[in-house]
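To keep things clear, I will list the structure first and then write my remarks on it.
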Amino acid sequence: MKKITLFLLAIVASASIWAENVKINGIYYSLGSTTAQVISDQSSDKSVYSAYTSVTIPSSVTYNNYTYPVTSVGTSAFEGCSNLQSVVLPSSVTVIGTDAFYGCVRLERVNLEEGLTNINLRAFYNCKLDTIVIPSTVTSIGNGAFKGNPTKAIVWKPANCSIGSDDSAPFYSTSSQVTSFVFADGVETVPAYICKNMNLLDTIVLPSSVRSLGQYAFMNCSKLKSINLPVTQKTLPVSFLEGCTSLESIELPATLTTINTDAFYGCTKLAHVNLHEGLTTINLRAFYNCKLDSIIIPSTVTSIGNSAFKNNPTKSIVWLPKTCSIGSDDSAPFYSTSSQVTSFVFGDSVQVIPAYLCANMNLLDTIVLPSTLTTIGAYSFKNCSALKGIQLPEGATYMGDGAFMYCTSLKSFAFPEGKKSLPTSVLEGCTALEEVFIPSSVTTINQDAFYGCSALRAIHNLAFTPQTITERAVYNVNKQTCILYVPMDYIDLYRAKAVWCDFLNIIGVATDLQFEDQLITVTYLKADADHSPHYMESQHWQVPYAPRIEGFTFLRWEVQSGDLSDGIFLQAVYQANEPTSAPAVYTNPANPAQKLIRNGAVYILSDDQLYTIDGKLAH
């Protein structure tokens with residue numbers, strides 16, 4: 001009995017490893033050891049399949065009393081069956097092979113059942129499928145699997161599925177007809193390129209289960225008006241919504257930290273987007289050529305890539321980062337050759353203005369800088385031709401080259417005390433500039449600092465030691481009419497210093513101010529008559545240009561003493577613009593207060609305490 005049993009087992013084993021191609025109920029199969037695969041027409045003239053208009057694949061076939069589950073449709077099984085209109089697949093099929101239904105130009109209906117895992121290359125290429133439902137069990141779809149179909153509706157159920165890229169994506173078409181694409185609950189990954197070029201798709205709803213978004217996923221969906229993003233999303237991928245020219249607004253999740261390159265490139269109707277605190281990185285061209293009217297950059301942003309907001313019709317910008325790296329020159333984030341920005345507000349905690357940040361904003365007429373500012377980057381306000389005035393905080397002692405170059409409406413400029421060097425071309429081409437204040441701390445004035453400032457009427461240089469400068473530093477400044485104000489006791493040093501000595505009018509100024517009964521007086525000394533012979537001939541005094549003092553109006557010059565041959569002492573008298581409740585130290589004859597000008601503002605110094613002009617203790 002043992003011998004017979006063993007012999008029977010041996011026969012079964014040999015049958016299970018034997019394979020052959022067989023035809024069962026009009027369909028050819030390749031029988032493996034335990035499973036069957038549908039294969040191509042094996043007839044000599046390939047005429048069997050070509051006549052079929054519909055095919056139903058059974059879940060199993062029986063051959064020689066052995067049942068084989070049908071688990072796959074093989075390579076090119078029904079390729080070119082131009083009469084085939086419908087196919088029914090069983091849930092036992094896990095793989096649809098390469099080119100399985102390639103060129104079945106009349107194939108309109110096929111059911112893909114749960115249990116299917118792989119749809120290989122060009123499986124349904126150039127068919128006529130109107131609706132496609134991808135089961136949740138599918139994990140891989142090959143290049144061009146559904147390419148060339150006139151599909152209008154797609155339902156996508158896989159949690160995670162790899163697909164072909166770019167023009168090899170499964171549904172790619174240069175003239176897509178898809179109007180509905182539904183992502184089912186349970187989807188965790190939106191694959192890269194999945195809906196690229198679906199230019200009739202107007203709405204996308206992503207389920208809450210989505211955790212990952214692929215690059216180029218909705219690129220060139222030109223009719224897309226609405227899409228929601230997962231609330232837990234941290235990164236927007238490269239070119240995620242690039243070219244979605246109908247998208248007008250989008251709500252970004254508060255969890256977002258990175259917006260990648262070209263994410264919204266060319267979304268020409270995108271007029272509103274809210275960037276939340278927590279965002280750190282906005283990469284290259286992220287919002288290039290959109291329609292953003294106003295932009296608020298959160299304080300948490302540390303990096304903005306080249307041309308991130310270029311070619312937007314932006315009118316208002318709020319800048320909150322303490323410090324942030326950006327692209328330079330014409331790659332700066334807001335750069336435009338025809339900027340429309342009229343308002344640029346810096347937050348109270350900003351420490352660094354990056355190079356080129358506001359360059360070419362030629363409609364910007366006012367800038368208010370925060371007291372926290374320490375650094376103004378190179379060319380940061382270059383070509384801000386409407387900018388009329390700017391107040392630099394005391395701590396802003398670092399300034400890059402050309403920071404205010406070609407600000408052709410700027411009339412007055414005061415460098416903050418503590419600054420040691422005036423950068424190259426810092427005020428070059430400021431053709432309306434009438435007055436500039438250089439604090440005593442400045443030891444170096446670089447090339448072209450005031451190049452082309454042809455309207456300069458007064459330079460207030462409070463340095464005790466005249467700086468060494470070249471002629472280019474004050475090129476095209478009229479030294480016959482521009483008055484050089486210097487510390488009273490150091491006039492001779494300026495008269496002996498190259499380039500400075502070329503100024504016809506050098507006037508000494510006291511280092512303090514006198515204040516009584518709401519009047520400020522500033523004492524000046526005119527250079528001796530030998531340096532200005534015009535006054536000897538005319539026998540009359542040409543009064544100096546009075547400096548502007550915040551909160552006060554200049555009234556008159558008063559001659560205090562001297563004559564034309566000895567030099568003349570003058571006092572500039574100012575009236576407070578508004579009545580003040582000044583502390584007693586202002587008028588106490590026993591303890592007269594001194595006035596100091598710092599960065600264009602007036603302060604009262606008394607008993608080693610510094611007060612603002614309205615009597616508050618200065619900090």
Side-chain angles (χ1 to χ4, degrees), residues 299 302 319-326 328 344-359 366-382 384 387 389-405 407 410-428 430 433 435-451 453 458-469 473-474 485-487 490 509 511 547-550 596-603 605 610 612 618-619:
S299 66
T302 57
W319 182 269
L320 301 177
K322 289 183 178 180
T323 180
C324 178
S325 64
I326 67 171
S328 63
F344 200 112
V345 176
F346 290 93
D348 291 340
S349 299
V350 173
Q351 296 175 356
V352 176
I353 296 177
Y356 295 95
L357 181 64
C358 296
T366 303
I367 285 288
V368 177
L369 301 178
S371 60
T372 52
L373 190 66
T374 61
T375 300
I376 299 174
Y379 309 102
S380 50
F381 296 97
K382 178 183 176 182
C384 290
L387 190 62
I390 190 165
Q391 184 79 18
L392 302 185
E394 289 187 12
T397 55
Y398 179 82
M399 192 177 298
D401 292 346
F404 295 91
M405 191 175 185
C407 291
L410 203 60
K411 291 186 177 297
S412 179
F413 195 92
F415 293 96
E417 185 67 44
K419 186 163 182 59
K420 298 185 180 300
S421 175
L422 303 191
T424 299
S425 300
V426 62
L427 291 168
E428 179 181 341
C430 293
L433 189 67
E435 184 177 33
V436 65
F437 293 86
I438 303 171
S440 59
S441 56
V442 172
T443 58
T444 304
I445 299 177
N446 282 304
Q447 185 101 328
D448 300 336
F450 306 112
Y451 188 104
C453 296
I459 297 176
H460 301 263
N461 192 344
L462 301 183
F464 294 158
T465 302
Q467 305 89 350
T468 298
I469 63 172
V474 288
Y485 295 98
V486 301
Y490 299 91
V509 59
T511 57
R548 294 184 180 90
I549 300 178
E550 184 179 350
L596 303 177
I597 299 178
R598 291 188 179 178
N599 194 30
V602 178
Y603 296 93
L605 180 64
L610 196 64
T612 61
H619 297 286

What residues form a side-chain contact (heavy atoms from CB on, under 4.5 Å) with Ala463, not counting sequence neighbours? Asn461, Gln467, Tyr494
Ser325: side-chain contact (heavy atoms from CB on, under 4.5 Å) partners, not counting sequence neighbours: Ser303
Show the numbers, then the answer: is there a side chain to side chain contact (heavy atoms under 4.5 Å, CB included) between Ile445 and Phe450? CA-CA 9 Å; Ile445 299 177; Phe450 306 112; 4.3 Å; yes
Go through the steps for Ser440 and Glu417 under the test side chain to side chain contact (heavy atoms under 4.5 Å, CB included), then give the verdict. CA-CA 7 Å; Ser440 59; Glu417 185 67 44; 3.1 Å; yes
Among all residues two or more places apart in sequence or in another chain, which pass the salt bridge (charged side-chain N to carboxylate O under 4.0 Å, His left out) test with Asp401? none
To the nearest 0.5 Å, what is the distance between OG (Ser441) and NZ (Lys419)? 8.5 Å
Calculate, to the nearest 0.5 Å, the distance between atoms OH and CD belonging to Tyr398 and Gln351 respectively. 15.5 Å
Tabulate below the donor-acceptor pairs under 3.5 Å that side-chain atoms of residues 421-428 make, not counting sequence neighbours, or state none.
{"unit_1": "Ser421", "atom_1": "OG", "unit_2": "Asn446", "atom_2": "ND2", "d": "3.2"}
{"unit_1": "Ser425", "atom_1": "OG", "unit_2": "Glu428", "atom_2": "OE1", "d": "2.6"}
{"unit_1": "Glu428", "atom_1": "OE2", "unit_2": "Tyr406", "atom_2": "OH", "d": "3.3"}

For Ile367 and Phe344, the nearest pair of non-hydrogen atoms, with its separation, is CD1-O, 3.6 Å
Using the side chain to side chain contact (heavy atoms under 4.5 Å, CB included) rule, take Tyr490 and Thr465 through it: C-alpha gap first, then chi angles, then the decisive distance, then the call. CA-CA 8 Å; Tyr490 299 91; Thr465 302; over 6 Å; no
Phe404: which residues meet the ring-ring contact (aromatic ring centres under 6.0 Å, His included) condition with it, sequence neighbours left out? Phe381, Phe413
dist Ile459:CD1 -> Ile438:CD1 (nearest 0.5 Å) comes out at 6.0 Å
Spacing of Ile469 atom CD1 and Thr444 atom OG1 [to the nearest 0.5 Å]: 11.5 Å
Ile353 and side-chain contact (heavy atoms from CB on, under 4.5 Å): which single residue from Leu369, Thr375, Thr374 fits? Leu369
Any residue meeting side-chain hydrogen bond (donor to acceptor under 3.5 Å, both in side chains) with Thr372, in chain and number order, not counting sequence neighbours: none
